[in-house]
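Per chain, numbering begins at 1; letters A, B, ... match sequence-line order.
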Number of protein chains: 2
Amino acid sequence: MSQYTATFILNSRTAMQQPTAPELEILKLLWQKQPLTARELHDELETVLGWGYSSTRKTLERMGEKGFVAVQAQGNKNSYRATLDKMPTLAGFAQDFAKRIFEIDGPLPVAMFADSKLVSAAEIADLEQLLQQLAAAQLTKPVDSGEP
Amino acid sequence: MSQYTATFILNSRTAMQQPTAPELEILKLLWQKQPLTARELHDELETVLGWGYSSTRKTLERMGEKGFVAVQAQGNKNSYRATLDKMPTLAGFAQDFAKRIFEIDGPLPVAMFADSKLVSAAEIADLEQLLQQLAAAQLTKPVDSGEP
DNA sequence: TTTTATTTGCGACAGATGTCGCAGGTGGTA
DNA sequence: TACCACCTGCGACATCTGTCGCAAATAAAA
């Protein structure tokens with residue numbers, strides 16, 4: 001079975017939000033190499049996002065509030081580590097995409113992820129599992145009536 | 001060849017934005033049956049989004065400003081029609097998803113859309129074309145340096 | 001220990017989105 | 001023609017995001 005916990009499925013009431021585009025960029029870096037300081041993260045992101053250092057830090061700060069990353073004060077500087085697991089997060093995006101954009105109910109065929117620069121063969125196997133779980137969970141989920 | 005114009009590719013400076021989640025919901029309805037009045041749209045959306053009538057109209061209004069829909073004053077009531085073409089829009093979402101989330105450069109395999117409740121076999125063929133174009137366009141596109 | 005280079009926390013601001021409510025028309029009906 | 005139901009334009013407000021800048025704290029260097 002999968003070594004990951006399917007972070008997204010739980011928590012129906014709080015509607016666990018997905019990371020935004022820039023947040024995902026940061027998470028990707030962290031999944032590659034962990035932990036990293038704000039400065040390190042920034043230096044990599046700069047080329048891609050063209051941000052000022054402050055923007056990077058603010059984003060990190062907000063990600064902390066949302067529980068996407070954990071801060072570790074190491075001496076005087078903080079370093080960050082992802083608290084969101086890679087594969088469940090990615091699977092969540094995939095499922096949401098399939099469902100919301102294309103109205104595909106069953107799990108997506110993992111074949112489509114073969115060319116991804118992000119996932120290894122081993123991870124693809126996990127992804128398959130996760131996608132299946134998510135698809136199943138979705139079918140049993142009652143229609144959200146949006147009551148506050 | 002595809003009967004659609006690839007609305008998204010053009011327009012590099014203005015960065016043609018994609019519709020948001022609720023906006024897409026509205027577009028989907030319009031692609032199914034066109035034109036529709038605000039009230040008609042609302043009655044269908046209500047169950048899914050749990051919105052008030054005003055919210056629906058405001059969203060429609062903003063979609064008009066963005067050029068996603070066109071308004072037609074018919075007597076005293078307005079009806080709306082989508083100005084965004086279905087397949088190019090969907091293809092845009094797919095490509096963006098592949099690229100931004102999974103870092104897949106080539107075009108997505110169309111097989112994955114087979115189970116979509118949204119696209120017919122004929123449309124899948126078009127989708128394939130569009131995805132290929134988008135993937136190609138992406139490769140030649142220079143890195144965005146974010147200069148204002 | 002005084003200075004200098006970095007950090008960090010936090011406040012700010014503009015723009016996009018979700019979500020309403022109100023006031024002023026218009027058409028049909030009594 | 002006076003009234004009622006429904007429509008439209010438009011202003012408002014709370015959030016979330018993207019993006020900074022500043023001042024206080026800390027570590028490293030002189």
Peer 1: Whole Å only: how far is the OH atom of A/Tyr80 from the C1' atom of C/dG9?
Peer 2: 10 Å
Peer 1: So do A/Met87 and A/Val119 actually touch side chain to side chain, heavy atoms under 4.5 Å?
Peer 2: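 A side-chain contact exists here, since the closest heavy-atom pair is under 4.5 Å.
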Peer 1: In whole angstrom, what separates A/Lys77's NZ from D/dA28's C1'?
Peer 2: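 Distance check: A/Lys77 NZ to D/dA28 C1' gives 9 Å.
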Peer 1: Would you mind reading off the distance between B/Gln18 atom CD and C/dT17 atom C1', rounded to a whole angstrom?
Peer 2: 16 Å
Peer 1: When you check the gap from the basic side-chain N to the acidic O, do B/Arg62 and B/Glu65 get nearer than 4.0 Å?
Peer 2: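 B/Glu65 and B/Arg62: not salt-bridged.
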Peer 1: Could you tell me whether the side chain of A/Leu30 reaches within less than 4.5 Å of the side chain of A/Leu41, counting heavy atoms only?
Peer 2: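 A/Leu41 vs A/Leu30: side chains touch.
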Peer 1: Rounding to a whole Å, what distance do you find between A/Glu25:CD and D/dT19:C1'?
Peer 2: 17 Å
Peer 1: Report the nucleotide, chosen from C/dT17, D/dT8, C/dT7, that has the shortest atom-to-atom distance to any side-chain atom of B/Thr20.
Peer 2: C/dT17
Peer 1: Report the relative orientation of the aromatic rings in B/Phe113 and A/Phe97; use parallel for angles under 30°, tilted for 30 to 60°, perpendicular for over 60°.
Peer 2: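 Plane angle over 60°, so perpendicular.
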Peer 1: In whole Å, I'd like the distance from the CD atom of B/Gln17 to the P atom of D/dT17.
Peer 2: 17 Å
Peer 1: What integer distance in Å separates A/Leu41:CG from C/dT7:P?
Peer 2: 13 Å
Peer 1: Residues of residues 51-65 of chain A with any non-hydrogen atom less than 4.0 angstrom from an atom of DNA chain D: list those, numerically ordered, please.
Peer 2: A/Trp51, A/Gly52, A/Ser54, A/Ser55, A/Lys58, A/Arg62
Peer 1: For the pair B/Lys33 and B/Glu40, find out whether any cationic side-chain nitrogen is under 4.0 Å from an anionic carboxylate oxygen.
Peer 2: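 Answer for the salt bridge query: no.
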Peer 1: Check the distance between D/dA27's P and A/Asn78's CG and give it to me in whole angstrom.
Peer 2: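 So the two atoms are 12 Å apart, to the nearest Å.
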Peer 1: Rounded to whole angstroms, how far apart are CG on B/Leu36 and P on D/dC7?
Peer 2: 14 Å
Peer 1: My understanding is that only residues two or more places apart in sequence, or in another chain, count here; which of them pass side-chain contact (heavy atoms from CB on, under 4.5 Å) with B/Ala114?
Peer 2: none
Peer 1: Does C/dG15 have its OP1 or OP2 closer than 4.0 Å to a side-chain nitrogen or oxygen of B/Lys66?
Peer 2: no
